[in-house]
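Worksheet: the structure to be examined is printed underneath.
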Amino acid sequence: MKSNTRSMLFTMLATGALTVTTAAFAAPPARGEAPGTYQQELAVCGHNQQDRAACIREAGAARQAAARGGLTSAPDYRANALARCGLQQPADRPACEARVLGSMGNTKASVDGSVMGGGLIRESVTTTMVPVAPAPMEHHPMPMPRPMPMPAPMR
């Protein structure tokens with residue numbers, strides 16, 4: 001009798017969990033959420049370097065935040081980076097802006113690395129022309145004087 005009751009209880013719990021899961025997937029998108037965003041986020045879970053359970057929790061939290069209207073549009077990272085360049089010394093500011101904006105004028109910028117790999121490294125190389133100093137005038141050494149002849153011995 002006990003095993004029959006346990007089986008029925010287990011079956012009811014499994015059916016309830018399946019119903020809740022199906023309802024969550026079938027629910028209309030939350031306010032402010034694009035259709036299929038939650039499913040797209042779940043599809044990524046397990047295919048990135050993040051723990052699958054944490055990924056699922058974050059997707060659910062994002063869906064709840066969207067339902068409350070707490071999600072906004074993506075931040076403007078470029079404007080944020082340029083604002084940080086404004087804090088640099090005036091002489092260093094153009095190089096900072098070149099790293100953020102990419103190659104400009106005589107500055108070539110490159111980005112290496114990845115966020116998943118630990119960070120992006122931005123490098124800028126500025127080519128400057130150094131004026132050539134005029135060639136020094138040729139120096140003609142003065143001829144060495146001949147040594148004086150030895151005095152003749154006295155007789």
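Throughout, numbering of the chain's residues begins at 1 and tracks the sequence.
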Residues pairing under disulfide (SG to SG under 2.5 Å) where one sits in residues 58-90, two or more places apart or in two chains, turn out to be Cys85-Cys96
Within this structure, what is the SG-NE2 distance for the pair Cys55 and His47, rounded to the nearest 0.5 Å? 9.5 Å
Working to the nearest 0.5 angstrom, can you tell me the gap between Asp76 CG and Leu82 CG? 8.5 Å
Not counting sequence neighbours, which residues clear side chain to side chain contact (heavy atoms under 4.5 Å, CB included) with [X]? List them please.
X: Ala152; answer: none
X: Arg84; answer: Asn80, Ala81
X: Ala54; answer: Gln50, Asp51, Arg57

Quick check against the 3.5 Å criterion: does Arg93 have a side-chain atom that pairs as donor or acceptor with the backbone of Gln88? yes
State, with a plain yes or no, whether a side-chain heavy atom of Ile56 is found less than 4.5 Å away from one of Arg52. yes
